[in-house]
2 protein chains.
Amino acid sequence: MTSPITIGQLAKATDTKAVTIRYYESVGLIAPATRTQAGYRLYTEQERDRLIFIKRARHLGLNLDDVKALLGLADDNNAPCEQVDSIIHEQLERVRSRLKDLQQLEQELDRLERCCQADTVADCKIIESLSR
Amino acid sequence: MTSPITIGQLAKATDTKAVTIRYYESVGLIAPATRTQAGYRLYTEQERDRLIFIKRARHLGLNLDDVKALLGLADDNNAPCEQVDSIIHEQLERVRSRLKDLQQLEQELDRLERCCQADTVADCKIIESLSR
DNA sequence: ATGAAGGTTCTAGCGGCTATAAGGTCAACC
DNA sequence: GGTTGACCTTATAGCCGCTAGAACCTTCAT
């Protein structure tokens, strides 16, 4: 049982920025914090855990809507796992699709990079290939 | 020698949207178009070619600043090729770095997806792994 | 008492568009 | 000549996930 901490301390503890925490509150990702008499936000371990959860989910590339959905599901032990699975699955599909695109892009850029041995733009194959 | 076309026709010809073309003008990527008496923008093949150039460069994932730089270089036949090369090279590096990240992400998501065989959130390994 | 390091709210900005509103123009048809 | 509908114009706001800045208040150590 540790005592409540300020937003700056929570930020440090979770490697987030204070502004980001306030932003999360403003978009409903975390509940409005309790306040000191002076209006300072106060947090407990519960909020710290929630923030860590958010960080991990964001690290998976999930957008804030998905994170919010996951948080909602996590809060309800009886919720079916399906919805969790499908959020992860869809993210995996998005990542794979993006990977495909990027791999193709890498090839194109690699080919472009190799093809130009000119000195000036006049003979540059890269510019040529962009102009056609 | 074809006659000048309107923004909508240019948009169709280059598979862009008219708003995007106006946006490019507003950020200085293309020069202000000549206008009819009524104020309609008019374009020639020159602008069409420039727009196609922009599209190809954007397709390589380059941002508008890089595209602008490339356009500037393309306009000057005596410019050294180096700068073109370095824009492409840096983009390739960015793409490769992003690829690395995404590949790692794919693994993580794949592992997560496999690990959950539960029915409800209470036993869900995904939620567990996000909460720790 | 003072100064630094924290906290507060509010507003605006990033990139690259996209959407909406409220209006002007043009060509075709009746 | 009047009307429709497709096109054009500008201006403004919104998207996402923060980030930066201004202007101010509170806390703590010296």
Side-chain angles (χ1 to χ4, degrees), chain A residues 3-30 32-43 47 50-51 53-71 87 90-91 94-95 98 101 105, chain B residues 3-30 32-43 47 50-51 53-71 87 90-91 94-95 98 101 105:
Chain A
S3 56
I5 57 177
T6 65
I7 197 170
Q9 292 167 324
L10 178 61
K12 216 168 270 178
T14 58
D15 196 27
T16 320
K17 294 183 180 172
V19 276
T20 303
I21 299 174
R22 282 192 285 258
Y23 173 70
Y24 286 166
E25 182 182 310
S26 81
V27 296
L29 212 55
I30 57 183
T34 56
R35 305 283 187 127
T36 66
Q37 281 195 331
Y40 281 27
R41 289 174 178 80
L42 286 182
Y43 298 96
E47 281 90 22
R50 199 168 172 89
L51 215 58
F53 186 105
I54 294 172
K55 270 220 111 186
R56 295 213 176 107
R58 289 286 295 141
H59 177 73
L60 295 176
L62 294 167
N63 64 30
L64 294 189
D65 274 352
D66 280 343
V67 175
K68 202 184 283 190
L70 278 183
L71 281 166
I87 287 172
E90 277 165 34
Q91 179 64 4
R94 276 190 293 268
V95 167
R98 186 93 186 87
D101 291 350
L105 195 46
Chain B
S3 57
I5 55 176
T6 65
I7 197 170
Q9 290 166 324
L10 177 62
K12 214 170 270 177
T14 57
D15 195 26
T16 321
K17 293 183 181 173
V19 275
T20 302
I21 298 174
R22 281 192 285 256
Y23 173 69
Y24 285 165
E25 182 182 309
S26 81
V27 296
L29 212 55
I30 57 183
T34 55
R35 306 281 188 129
T36 66
Q37 282 197 331
Y40 282 27
R41 287 174 180 81
L42 286 182
Y43 298 96
E47 282 88 22
R50 200 166 172 90
L51 215 59
F53 186 105
I54 295 172
K55 269 220 112 186
R56 294 212 177 106
R58 289 287 295 141
H59 176 74
L60 295 177
L62 295 168
N63 65 30
L64 295 189
D65 274 352
D66 281 343
V67 175
K68 203 184 284 192
L70 280 182
L71 281 166
I87 288 173
E90 277 166 33
Q91 177 66 4
R94 276 191 291 269
V95 166
R98 186 92 187 89
D101 291 350
L105 195 46

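Numbers restart at 1 for each chain; the letters A, B, ... are given by sequence-line order, proteins then strands.
- With sequence neighbours left out, Glu90(A) forms a side chain to side chain donor-acceptor pair (under 3.5 Å) with no residue at all.
- Contacts of Gln9(B) classified as side-chain contact (heavy atoms from CB on, under 4.5 Å), with partners at least two apart in sequence or in another chain: Ile5(B), Thr6(B).
- Taking Arg22(A) as the reference, nothing meets the salt bridge (charged side-chain N to carboxylate O under 4.0 Å, His left out) condition, with sequence neighbours excluded.
- Nearest-nucleotide assignment on DNA chain C puts the 5′-proximal partner with Asp65(B), out of Tyr40(B) and Asp65(B).
- Under the rule for a salt bridge (charged side-chain N to carboxylate O under 4.0 Å, His left out), Arg98(A) has no partner lying at least two apart in sequence or in another chain.
- The stretch residues 9-25 of chain A touches DNA chain D through Lys17(A), Thr20(A), Tyr23(A), Tyr24(A), each having a heavy atom under 4.0 angstrom from the strand.
- With a heavy-atom cut-off of 4.0 Å to chain A, the contacted part of DNA chain C has its first and last nucleotide at dG6(C) to dT9(C).
- The two residues Ala18(A) and Ala11(A) come nearest to each other via the heavy atoms N-CB, 3.7 Å.
- Atom-to-atom distance recorded for Phe53(B):CZ and Leu29(B):CG is 10.0 Å, nearest 0.5 angstrom.
- The footprint of chain B on DNA chain D, defined by a heavy-atom cutoff below 4.0 Å, extends from dC7(D) to dT10(D).
- Between Leu42(B) and Leu62(A), the one whose closest nucleotide on DNA chain D sits nearer the 5' end is Leu42(B).
- Residues meeting the side chain to side chain donor-acceptor pair (under 3.5 Å) test with Thr20(A), sequence neighbours left out: none.
- Tyr43(A) has its side chain out of reach of Leu51(A): every pair of non-hydrogen atoms, C-beta onward, lies at least 4.5 Å apart.
- Thr36(B) comes within contact range of no nucleotide atom at all, as no heavy-atom separation falls under 4.0 Å.
- Taking the salt bridge (charged side-chain N to carboxylate O under 4.0 Å, His left out) definition, one finds that Lys55(B) meets it with Asp15(B), sequence neighbours left out.
- Residues forming a side-chain contact (heavy atoms from CB on, under 4.5 Å) with Thr36(A) (at least two apart in sequence, or on another chain): Ala38(A), Tyr40(A), Leu42(A).
- Axis deviation across the helix from dA1(C)-dT30(D) to dC30(C)-dG1(D) amounts to 30°, comparing end segments of five pairs, rounded to 10 degrees.
- Two residues are said to be in side-chain contact when any heavy atoms from C-beta on lie closer than 4.5 Å; Ile54(B) and Ile30(B) meet this criterion.
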Table please: side-chain donor-acceptor pairs of residues 58-70 of chain A below 3.5 Å, with sequence neighbours left out.
residue, atom, partner, partner atom, Å
Arg58(A), NH1, Leu62(A), O, 2.6
Asn63(A), OD1, Asp65(A), N, 3.1
Asn63(A), OD1, Asp66(A), N, 2.8
Asp66(A), OD2, Arg94(A), NH2, 3.3
Lys68(A), NZ, Val27(A), O, 2.9

